[in-house]
Amino acid sequence: MRFIKKLLIALMLVVFTYQSGFCADVWVNDLRKLFLNNEAIIYEINLRTFGAQDTNKNGIIDFDEAEEGGTFLNAVQRLDELSQKGINTIHVMPVTPVGKTKALGTAGSLYAALSFDSLNPQLESKQSALSIEDQARKFIAEAHKRKIRVIIDLPSCGSYDLYMQRPELFVKDKSGQPVVPADWTDVRLLNAGTETAVNKDVYNLYKGFVDMVIDLGADGIRADVATNKPAKFWKDLISYSRTKDPQFMWLAEASESWTQPVSSYAVFTPYNKLLEAGFDGYYGSWFNLKDFKTGKELIDLIQKTSQNLTGYPEHKAVIGSFSTHDEMSPILINGRRLSEMIMWLNATLPVNSYFVDGFDTGDNYIYLWANKKAPKTYTDDDYYFAHRGKIDIFNFSRQPGGNDKMIPWTFAIANNLKKQFVPIINNGKFIPLRVSNPAVFAYKMTYKDKSIIVTGNLNFRNNIDVTVYVPHFSADSNVIPIKIEETPIASHGSFKVTLNPGETQILLVDESDVK
């Protein structure tokens, strides 16, 4: 098996080639096209922490000590960093004002919306004379200068404060009280109506949100818990947005794994009906990877997801939802190896790559002050409420960021190679490969004279000696080692390799010079 090292070096150089001289012309939204072509590399951020200035390094933003929380303006300073890591799209968690009554955390949950047509004053820089709306426009414009598209999160529910102001917008239980969905004690369930009778008041609330974010220059919306509103509600809203911007992209937080409503009082619209209603894509069930013990489970999920995206009049896509703000840090689950596996699966599967702030540096999101009594609060909750191992969305806290030295390097490589792999991923054929050990997954993406071969060990405790059976493979195959720790031993129709615990191996087979 011949390893073409010069070509590997050339590929590596792609990672560190910083593209400058961005077009200064008026931005033209192309996010929908990018997303439907599996080219979006999405980075989820909480603006309240993304640019936060925690100068005393205690993990909390102490405003009394002149520290600054994350704002639209101080977020700009991190955009070059994202661009150099291969990010071309950011998913911004809610930018709407948050409720302060019956709240969770000392700043209030980002998803406890107080209003849907105004911006969160917590994100306003006091050091600028610009209005908060113009600060938001500047942040989005700066992202666009770097060819980074912007998705804004649309909260699913309203805060208790919004309920007190406009009780007619909410679902009531049998006793006339607003409904608490699931265990989300800081929000109440909005009444979006039914398939035959959409609630116009809630619809107009969301229509105002669409108007606001398009006016700010955003390129798309991620709909939080999209399943708890009727398909007709979304169809009308998405159609409305497309009259203003045909390329405006819609991502549904929905999955095949979610089959129940968030409350007995809530509607439930499955992912396929949401796609029919006009959503461009959904989450899929990639987050189940952490529970898989056999390679077959992953292969089955890949094939099932591919099938689930077919049969619609318009093309649909999915994000690589292996790790989101609702998922525990992969570092806590299975260490760096799981993080690397997630990166390479995003890079080699027909998905839009997706990561949350801090993933790329190995943050475990363990906050030493979490769930302890706070000396100061800005809500009626005087505890630092936080979800263990998940990015903080409830308090004024530090920027996400871990101390791993290898993950950032791999992250940049995987993201930039994903751009090179897109033609193979989109046009090629997915071929599951037979393996000699059930804990190993292996597949091949083949297009014309190029193939990507991906092999991974789902046993995160033990080395595994495995034979991977690859039709037409031989010792004479031109193999470019994208990511390996041990050279595979090739034979006719297979190769043998020892995989370390949780190791993922990537090979590119080039048959262009085979006569």
Side-chain angles (χ1 to χ4, degrees), residues 7 11 14-15 19 29-43 86-89 91 147-149 151 219-220 246-247 249-252 256 271-272 275 278-286 289 298-322 341-355 413-433 441-456 470 480 482-483 504 506-512:
L7 186 50
L11 286 170
V14 172
V15 175
Q19 299 297 322
N29 183 9
D30 64 349
L31 177 57
R32 193 177 179 207
K33 178 181 178 182
L34 192 84
F35 184 83
L36 294 177
N37 201 42
N38 294 316
E39 293 183 87
I41 300 176
I42 306 170
Y43 196 80
I87 302 301
N88 61 27
T89 308
H91 161 203
K147 297 187 179 179
I148 297 175
R149 293 82 177 163
I151 301 169
D219 306 294
Q247 277 292 310
M249 193 275 289
W250 285 81
L251 171 64
E256 308 92 339
Y271 79 94
N272 58 315
L275 295 178
F279 278 98
D280 298 298
Y282 74 120
Y283 267 45
S285 298
W286 305 107
L289 173 71
L298 177 59
I299 296 299
D300 287 349
L301 176 59
I302 295 169
Q303 293 178 312
K304 179 181 178 183
T305 304
S306 177
Q307 179 61 36
N308 289 345
L309 291 171
T310 63
Y312 300 97
E314 296 182 306
H315 187 57
K316 304 296 178 181
V318 66
I319 65 167
S321 59
F322 299 97
M341 184 177 288
I342 288 170
M343 294 177 210
W344 288 112
L345 289 173
N346 269 297
T348 59
L349 287 173
V351 301
N352 289 278
S353 301
Y354 188 91
F355 311 97
I413 291 173
N415 288 341
N416 282 281
L417 285 173
K418 165 69 174 274
K419 298 171 185 178
Q420 314 302 315
F421 292 159
V422 163
I424 303 174
I425 291 169
N426 285 341
N427 302 305
K429 182 178 181 182
F430 173 81
I431 303 172
L433 300 176
F441 63 83
Y443 59 85
K444 181 169 72 165
M445 298 291 298
T446 299
Y447 179 60
K448 292 185 176 178
D449 51 16
K450 300 288 193 302
S451 293
I452 307 166
I453 298 177
V454 183
T455 309
V470 187
I480 304 165
I482 302 298
K483 180 188 178 296
T504 309
I506 314 294
L507 303 174
L508 179 63
V509 181
D510 184 352
E511 301 292 351
S512 58

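In terms of heavy-atom proximity, T446 sits nearest to S451 at OG1-OG, 2.8 Å. Here the shortest heavy-atom pairing between T89 and A40 reads OG1-CB, 3.9 Å. Closest non-hydrogen pair, K316 versus L275, comes out as NZ-O, 2.9 Å. Closest approach of E256 and S285 over heavy atoms only: OE1-OG, 2.7 Å. Contact between N346 and N352 at its shortest, heavy atoms only, is OD1-O, 3.9 Å. Heavy-atom minimum distance, N415 versus G86: CB-CA, 4.1 Å.
Remark: L298 CG to Y443 OH distance equals 7.0 Å, nearest 0.5 Å. Taking CG of L349 as the reference point, atom CG of N38 lies at 9.5 Å (rounded to 0.5 Å). A distance of 12.5 Å separates NZ in K483 from CG in L417, rounded to the nearest 0.5 Å. Atom CG of L251 and atom CG of D280 lie 8.5 Å apart (nearest 0.5 Å). L289 CG to L345 CG: the interatomic distance, rounded to the nearest 0.5 Å, is 6.5 Å. Of the inter-residue distances, the one linking I151 atom CD1 with I42 atom CD1 reads 4.5 Å to the nearest 0.5 angstrom.
Within the 4.5 Å cutoff, no side-chain heavy atoms of N272 are placed close to those of N308. Contact of the N29 side chain with the M249 side chain is not registered, since no non-hydrogen atoms from C-beta on lie closer than 4.5 Å. Side-chain atoms of I506 and I452, non-hydrogen and from C-beta on, do get closer than 4.5 Å to each other. Annotation: side chain of I319 is not in contact with side chain of W286 (no heavy-atom distance under 4.5 Å). For the pair V318 and Y354, the minimum side-chain heavy-atom distance is 4.5 Å or more. By the 4.5 Å heavy-atom criterion applied to side chains, K419 and I41 are counted as neighbours. Taking 4.5 Å as the limit, every side-chain heavy atom of I302 sits out of range of all side-chain heavy atoms of F441. Here the side chains of Y447 and N426 are not in contact, with every heavy-atom distance at 4.5 Å or above.
Residue-environment remark: NZ (K33) stays at or below the threshold of 12 foreign heavy atoms within 6.0 Å.
Salt bridge status for D510 with K450: present, with a side-chain N to carboxylate O gap under 4.0 Å.
Of the residues T348, V509, I431, the one that meets the side-chain contact (heavy atoms from CB on, under 4.5 Å) test with I453 is V509.
Here the side chain of R149 pairs a donor or acceptor atom with the backbone of K147 at under 3.5 angstrom.
Between W250 and F279, the ring planes are perpendicular. Angles over 60° get that label, and only those under 30° would be called parallel.
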* To do: Determine, stepwise, if the pair W344 / I482 fulfils side-chain contact (heavy atoms from CB on, under 4.5 Å).
  => CA-CA 10 Å; W344 288 112; I482 302 298; 3.9 Å; yes
* List the steps and the verdict of side-chain contact (heavy atoms from CB on, under 4.5 Å) for K448 and N427. => CA-CA 9 Å; K448 292 185 176 178; N427 302 305; over 6 Å; no
